[in-house]
Amino acid sequence: MSDAREQTGLCLNGLAVAWIRQLSGSPIPVLGSLKQERIAAASAGACTSLPRPLWYRLLEAVRSAPVA
C-alpha cells in the first residue's frame, strides 16, 4: 500500500475510491462520512485513474493470491 500511496499521492481512502471506480460496471462509491478531509480524499481518488499494473497489484494484495 505504501508503494501505491507514493506512486499516486493518494491516501488509503483515495486509493480505495480510485480502485472501486475502475471495476467493471462503473460502480459509484457511496461515502459514509461528512468529514471534509475524507470527502476531499475520496474526491481526489474519483479523479484518479490507476495504472492497470498497480490496480492488479492492489487486487492481489487484497486477495493474498496472484491473479491468474
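Residue indices begin at 1 and follow the sequence shown.
In this structure, the side chains of Pro29 and Arg21 come closer than 4.5 Å at one or more pairs of heavy atoms. No side-chain heavy atom of Glu6 sits under 4.5 Å from any side-chain heavy atom of Met1. Counting heavy atoms from C-beta on, the side chains of Val17 and Leu10 never come closer than 4.5 Å.
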Please table the atom pairs, donor to acceptor, closer than 3.5 Å between any side-chain atom in residues 58-68 and protein atoms at least two apart or in another chain.
residue: Glu60; atom: OE2; partner: Val67; partner atom: N; Å: 2.9

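Residues passing the side chain to side chain contact (heavy atoms under 4.5 Å, CB included) test with Gln22, sequence neighbours excluded: Ser49, Leu50, Arg52, Trp55. The side chain to side chain contact (heavy atoms under 4.5 Å, CB included) search around Ser33 returns Lys35, Arg38, not counting sequence neighbours.
To the nearest 0.5 angstrom, Leu54 atom CG is 9.0 Å from Asp3 atom CG. In this structure, Leu31 CG and Ser43 OG are separated by 9.0 Å, a value rounded to the nearest 0.5 Å. Atom-to-atom distance recorded for Arg5:CZ and Leu12:CG is 5.0 Å, nearest 0.5 angstrom.
Annotation: Glu37, atom CD; neighbour count of heavy atoms from other residues, nucleotides and ligands within 6.0 Å is above 12.
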